[in-house]
2 protein chains.
Amino acid sequence: MAKYEEISNKVRERIYSGEYPIDSMIPDQNSLARAFGVSRMTIKKALDILAMEGLIYRQRGAGTFVTKTALRNERDSAVDEYDGLSTQMKGRKLVSKSIEFAVEFPTPLIQKKLMIEENEPVYKIVRQRSVDDDLLILEETYMPAKLVPGLSRKHAESSIYAYIKGELGLEFGGAFRQIHADKPKEYDLLYLNCREGDPVLEVEQVVYLKDGRPMEYSKSRNRFDTRSYNVIDIKKDN
Amino acid sequence: MAKYEEISNKVRERIYSGEYPIDSMIPDQNSLARAFGVSRMTIKKALDILAMEGLIYRQRGAGTFVTKTALRNERDSAVDEYDGLSTQMKGRKLVSKSIEFAVEFPTPLIQKKLMIEENEPVYKIVRQRSVDDDLLILEETYMPAKLVPGLSRKHAESSIYAYIKGELGLEFGGAFRQIHADKPKEYDLLYLNCREGDPVLEVEQVVYLKDGRPMEYSKSRNRFDTRSYNVIDIKKDN
DNA sequence: TAGTGGTCTAGACCACCCC
DNA sequence: GGGTGGTCTAGACCACTAA
């Protein structure tokens with residue numbers, strides 16, 4: 001582990017432990033550099049991480065301060081959907097029931113989202129997923145077959161992402177999501193166990209690999225009364 | 001402007017212009033350092049920015065490459081709600097009609113969200129907002145009176161954020177949001193002009209100042225068929 | 001004016017990829 | 001083995017804040 005990461009962890013610990021209390025000024029960068037026996041640039045880099053996390057803020061000419069920790073507790077709620085539900089719901093009971101598993105040619109919409117031609121086959125995976133036996137999610141996923149060779153119904157029932165990261169060694173770069181509210185469709189009544197007139201929360205996303213190739217287009221539908229989508233937004237400049 | 005910002009802008013321009021094509025390797029850091037007449041650390045910092053934007057990715061030992069530009073076009077859709085609707089909708093016709101403007105003591109929920117005591121008054125602002133005469137938004141906002149002295153109905157009808165940043169000189173640090181789908185309430189039928197049974201997309205958020213003090217708690221309700229919420233998520237490590 | 005954080009340098013060493 | 005990106009240093013200058 002790099003020095004700046006170690007220092008970053010230690011300082012974060014000091015904030016959590018109360019050694020650097022809320023609203024207080026922490027030691028200046030030169031003092032920290034001497035104390036940790038590193039150069040000031042390394043201290044700066046360590047503090048950059050904590051600033052990105054919203055734990056500290058800095059004022060040129062004044063000092064470095066611990067924020068009112070506002071964004072701290074909420075950090076745990078952060079969602080990285082490209083890690084897959086299996087990772088997110090660690091420690092909880094996740095069951096995925098595969099409703100459809102097929103290979104087909106992409107519709108124009110899918111072609112556009114996945115940036116592929118009409119003759120490149122895609123997997124179509126429809127799953128009903130449940131968390132702790134009650135939270136229901138209906139998920140429709142498309143992946144280019146070329147990118148994810150050897151995918152099977154078995155992976156769909158456990159964790160597709162574990163297969164992609166573990167077996168294929170692919171790395172994710174990010175995702176673009178749109179969250180909408182929608183009226184329930186026939187499928188929702190059936191698989192989400194919701195009533196006529198209940199709204200549905202839909203998360204539509206394209207997940208990209210590190211090099212920018214789209215790897216997944218999916219729509220995830222949730223009962224309005226069981227799930228919300230959380231976003232943490234930390235301003236960069238100023 | 002710092003050197004690394006200038007270089008970052010120039011390299012970004014080269015990518016957009018096609019001088020550094022999609023999927024290609026760009027010159028190595030030493031070459032760039034010589035070409036720009038700066039040290040390699042400065043080049044590194046410039047490239048860090050572009051990597052955060054999803055324009056390039058780097059492989060230790062191999063080189064720096066332009067991504068398949070996947071995340072590029074979508075960047076414009078990024079939403080920074082703490083800049084306020086007025087800033088977001090620049091160039092479009094935004095009208096805010098103030099339905100309620102009051103000062104009151106906070107409910108337990110508001111106390112918790114804004115991290116204040118029950119005896120600290122808050123502004124309550126309810127507004128019906130429209131964009132280009134058709135997109136309707138119903139917004140309920142609470143702000144600690146202490147933090148935003150002198151707020152008036154006039155600000156609520158134009159831009160509260162312009163007042164806070166411009167007049168008061170406060171700086172935002174970030175926000176925490178939850179997006180839900182909901183059934184329409186009586187208010188929605190009236191002010192969003194939606195029909196019975198139409199779902200509503202609600203964005204609930206707490207906006208924080210740079211030092212972590214909560215500055216706003218608000219709920220923004222939108223017709224399901226006119227608005228979605230967009231999130232761009234770029235992975236940091238790997 | 002003294003002290004703070006932001007930037008920048010010239011050089012060094014290392015881990016890693018590809019030939 | 002040669003080239004790549006990641007880290008780190010010791011010191012310097014600057015912009016800004018606060019007393």
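Chain naming here is simple, since letters A, B, ... match the order of the sequence lines and numbering starts at 1 in each. Computed from a predicted structure; not experimentally measured.
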Geometric class of the B:Tyr163/B:His155 ring pair [parallel <30°, tilted 30-60°, perpendicular >60°]: parallel

Give the nucleotide from the list C:dG6, C:dA10, D:dG5 with an atom nearest to the side chain of A:Arg40. C:dG6

Report the nucleotide, chosen from D:dG6, C:dT7, D:dT9, that has the shortest atom-to-atom distance to any side-chain atom of A:Thr42. D:dT9

Below 4.0 angstrom from OP1 or OP2 of [N], is there any side-chain N or O of [X]?
{"X": "A:Lys45", "N": "D:dT7", "result": "yes"}
{"X": "A:Thr64", "N": "C:dG5", "result": "yes"}
{"X": "A:Tyr4", "N": "D:dT7", "result": "yes"}
{"X": "B:Lys3", "N": "C:dT9", "result": "yes"}
{"X": "B:Gln29", "N": "D:dG6", "result": "yes"}

Just grab all the ring-ring contact (aromatic ring centres under 6.0 Å, His included) pairs involving residues 38-69 of chain A, residues at least two apart or on different chains. A:Tyr57-A:Phe65

Can you list the residues that meet the salt bridge (charged side-chain N to carboxylate O under 4.0 Å, His left out) rule with A:Lys124, with sequence neighbours excluded? A:Glu100

Is the backbone N or O of B:Ser98 less than 3.5 Å from a side-chain atom of B:Glu157, with the two atoms forming a donor-acceptor pair by type? yes

Sugar-phosphate only, base, or nothing, as touched by A:Arg58 at under 4.0 Å among non-hydrogen atoms: sugar-phosphate

